[in-house]
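We're numbering straight along the sequence, starting at 1.
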Amino acid sequence: MELTLIHLYPDLMNLYGSYANLSVLRRTLEGLGHSVTVQPVLPSESVALDGCHFLYLGAGTERAQKAALEALTPYAAVLRSAAEAGLPMLFAGSAMELLGRRITDQRGKDWEALGLANFLSRETEKRFVEDVYGVCPLFPEPIVGFQNKSAVITGIETPLLSSLAMGYGNDGEKRPEGYQKGNVFASALTGPILVKNPALLREVARRVLAHAGAEVPGTIPVDEELEKGYAVTAQQLKKRAEA
């Protein structure tokens, strides 16, 4: 089957190797025999989701995040409709904050966000720079990752990670992290998150295939090196969390 993955603003929002989330998803889908096209969209271009099977936006600086928000705001209704229709999406790193209702920057200026969810983000002077180890209700394997953010996010009722044994969550130490509703996934974790977490990669791949009407295999193979890297990271972070 021919699948199209849209990469929003790859040059503007590409901190921490964010592009690799899309690259590893593409390789996984191609490994299942599908033809996959990655379609980049620049801030100056229209966002058209006809024929799209997955939408992705990566991490950026606070300044880049606001530029991405201004570019995406005219398409907020399109994005909300696509989310309601079940289009799989991943907003990684600081892009997660765009999904909410409002972002308040460090100067106190309010930015109206895209409104796919009802949460609020507030930038602080403090940065939360640390490893993360937590639980995702979608599968038994723990989630691992790294964060470097300044925002405190409140009002999320459906987090991606239901609890953390290590790290700063949406609104506090060892609090739930990220956002997930329907086929919309978001997390402040970088690394990139799909590369670091094969179970999440498989889950997102399943959602893409199901939404596209393609066969969803019982087992989705991923690169063996990803599995090895995950095992080492998860083991070490678990030891630190239990210490």
> If you measure from CG on L114 to CZ on R101, what distance do you get to the nearest 0.5 Å?
Replying inline: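 Going from CG on L114 over to CZ on R101, the span is 13.5 Å.
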> In Å and rounded to the nearest 0.5 Å, what is the CZ to CD1 distance from F54 to I6?
Replying inline: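 Here the rounded value is 11.0 Å.
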Any side-chain heavy atom of [X] sitting closer than 4.5 Å to one from [Y]?
| X | Y | value |
| --- | --- | --- |
| S18 | Y56 | yes |
| L189 | L160 | no |
| T158 | Q180 | no |
| E62 | D105 | no |
| I143 | L200 | yes |
| T190 | L15 | no |

> Looking only at heavy atoms, what is the nearest atom pair of F128 and S150, with distance?
Replying inline: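 For F128 and S150, the tightest heavy-atom pair comes out as CE1-O, 4.1 Å.
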Residues 34-49 side chain polar contacts: donor-acceptor under 3.5 Å, at least two apart:
unit_1 : atom_1 : unit_2 : atom_2 : d
H34    : ND1    : M1     : N      : 3.4
E45    : OE1    : L42    : N      : 2.9

> Would N170 and R175 satisfy side-chain hydrogen bond (donor to acceptor under 3.5 Å, both in side chains), going step by step from the backbone distance to the final call?
Replying inline: CA-CA 7 Å; N170 292 326; R175 294 276 295 156; over 6 Å; no
>> Can you tell whether the side chains of E70 and K66 come within less than 4.0 Å, N to carboxylate O?
In response: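 No, this pair does not count.
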> With hydrophobic residues grouped by side-chain heavy-atom distances under 4.5 Å, do V132 and I153 end up in a single group?
Replying inline: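 In one cluster: no.
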> Are V78 and L87 in one and the same hydrophobic cluster, where Ile, Leu, Val, Met, Phe, Trp and Tyr link if side-chain heavy atoms are under 4.5 Å apart?
Replying inline: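 Hydrophobic grouping puts V78 with L87.
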> Quick check: does any side chain N or O of S162 sit under 3.5 Å from a backbone N or O of P137, one acting as donor and the other as acceptor?
Replying inline: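 No, S162 side chain to P137 backbone: no donor-acceptor pair under 3.5 Å.
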> Which hydrophobic side chains are connected to Y230, either touching it within the sub-4.5 Å cutoff or through other members that do?
Replying inline: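 Under the 4.5 Å side-chain rule, Y230 groups with Y133, V144, M166, L237.
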> Which residues satisfy the side chain to side chain donor-acceptor pair (under 3.5 Å) test with S94, sequence neighbours excluded?
Replying inline: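 Counting only residues at least two positions away or on another chain, S94 forms no side chain to side chain donor-acceptor pair (under 3.5 Å).
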